[in-house]
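For reference, the structure discussed in these notes is given below.
Keep in mind that this is a model prediction, so the values were computed, not measured.
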2 protein chains.
Amino acid sequence: MMSEDSIKEYLRERALKATPIRVGLLSLLSERESAIPYSEIQENLKSFDRVTLYRTLNALIDGGIVHKASTSGDETYYALCSQKCSKHCHKHEHIHFKCTACHEVSCVHIEQAIKISIPNFQIEEVSVEVKGVCDKCCK
Amino acid sequence: MMSEDSIKEYLRERALKATPIRVGLLSLLSERESAIPYSEIQENLKSFDRVTLYRTLNALIDGGIVHKASTSGDETYYALCSQKCSKHCHKHEHIHFKCTACHEVSCVHIEQAIKISIPNFQIEEVSVEVKGVCDKCCK
DNA sequence: TTTTCAAATGCAACAATGTTGCATCAAAAA
DNA sequence: TTTTTGATGCAACATTGTTGCATTTGAAAA
Ligand SMILES: [Mn+2]
Ligand SMILES: [Mn+2]
Ligand SMILES: [Zn+2]
Ligand SMILES: [Zn+2]
């Protein structure tokens with residue numbers, strides 16, 4: 001949950017104009033804990049043109065503020081990056097979890113570092129998507 | 001690489017009619033080591049209707065013969081399942097690797113079992129997608 | 001071999017996602 | 001306040017994926 005002012009500041013810090021759709025998108029993403037599917041974002045920002053929304057998403061992904069949290073399949077989900085991300089370093093040390101009960105997709109930090117090694121392959125990036133039941137739905 | 005006859009037999013074993021597009025799709029998939037993106041499959045089977053291709057892909061996925069090897073993002077890739085898969089058990093103990101040099105997507109078996117645990121979450125399925133440089137492109 | 005019929009196909013139509021070009025507009029700097 | 005670069009809206013387009021329905025065909029039964 002970020003205030004409108006801190007969102008505007010955050011954008012300008014990263015050399016992005018603080019336009020209404022950008023502020024709207026970032027407040028939407030910041031007021032949720034989970035990632036949001038494209039269709040729902042569009043629904044929430046339907047006063048803006050769909051093309052502009054796509055350009056906005058891409059601009060913010062480019063700027064290291066937003067990332068896709070796809071979870072293989074149907075819809076594309078979007079979530080806020082940690083403040084550590086930037087245009088030039090856009091790495092995530094978390095997994096994406098899709099709950100089969102509530103269907104929420106969330107970014108989850110895990111303790112164990114995932115180390116994959118394959119003989120004669122050079123590993124650059126590992127992404128892990130997990131399905132299961134989230135803590136809220138478990139209890 | 002499977003012969004046309006063994007493909008037909010394989011389909012009938014799983015209660016699927018051995019139609020031309022199914023045989024065509026399976027020979028295409030079996031003559032490659034890597035997964036194939038949808039667009040390329042369509043290009044190779046363009047004598048068939050696009051709708052039929054989609055229905056074929058779904059039927060074979062349903063039957064435990066083919067699986068998606070998505071590798072987060074743009075295109076959907078398809079690959080043959082191991083012969084162990086079936087309609088009712090469709091599990092894969094391998095990762096999907098996308099080479100940033102040759103852009104091939106492949107199913108790669110790894111030795112280490114990936115164990116993810118998150119406190120208070122129930123894990124059902126873990127899928128791992130890795131980017132890097134494949135063995136062919138490394139040497 | 002011929003008959004039969006459920007299953008598979010092709011076609012038309014549709015919906016959703018995503019992209020590009022271009023004229024206009026506005027945020028932030030000068 | 002003016003300037004100007006970058007952001008927006010609109011039209012048009014491409015691709016992916018789905019559904020309904022009439023027609024055809026694979027494979028089993030007769
Ligand atoms: Mn994430
Ligand atoms: Mn695979
Ligand atoms: Zn849940
Ligand atoms: Zn390669």
Between [N] atom [atom2] and [X] atom [atom1], what is the distance in whole Å?
X     : N      : atom1 : atom2 : answer
B:F48 : D:dT24 : CZ    : C1'   : 14 Å
A:D49 : D:dA12 : CG    : C1'   : 12 Å
B:L53 : D:dT18 : CG    : P     : 11 Å
B:L57 : D:dG17 : CG    : C1'   : 11 Å
B:E40 : D:dT15 : CD    : C1'   : 16 Å

Less than 4.5 Å apart, side chain to side chain, heavy atoms only: is that true for [X] and [Y]?
X      : Y      : value
A:K17  : A:L11  : no
B:V133 : A:E124 : yes
B:L57  : B:Y38  : yes

Here the pair of heavy atoms bringing B:F97 nearest to A:Q122 is CZ-O, 4.1 Å
Tell me if the CD atom of A:E31 is crowded by more than 12 foreign heavy atoms within 6.0 Å. yes
With nearest nucleotides of DNA chain D determined for B:V51 and A:R50 from heavy-atom distances, which residue corresponds to the more 5′ nucleotide? A:R50
Given D:dG9, D:dT16, D:dA12, which nucleotide is nearest the side-chain atoms of B:E75? D:dT16
Of all the nucleotides listed (D:dT8, D:dT16, D:dC21), which has the minimum atom distance to the side chain of B:R55? D:dC21
Derivation and outcome, ring-ring contact (aromatic ring centres under 6.0 Å, His included), residues B:H109 and B:H92: CA-CA 9 Å; B:H109 281 273; B:H92 297 278; 9.0 Å; no
With respect to the phosphate group of D:dT18, does any side-chain polar atom (N or O) of B:N58 fall under 4.0 Å of OP1 or OP2? yes
So, taking the atom named CD in B:E40 and the one named CD in B:E75, what distance separates them when rounded to the nearest 0.5 Å? 8.5 Å
Note: contacts of residues 9-23 of chain A with DNA chain C (heavy atom, under 4.0 Å) are A:R12, A:K17, A:A18
DNA chain C: 5'-most and 3'-most nucleotides touching chain A, 4.0 angstrom heavy-atom criterion: C:dT17 to C:dA28
Report the residue (B:T56 or A:S39) whose heavy-atom-nearest nucleotide on DNA chain C is the more 5′ of the two. B:T56
Indicate the ring-plane relationship of A:H67 and A:H94, choosing parallel, tilted or perpendicular according to the 30° and 60° boundaries. tilted
Less than 3.5 Å apart, any donor N or O on the side chain of A:S30 or A:S27 sitting next to an acceptor on the other? no
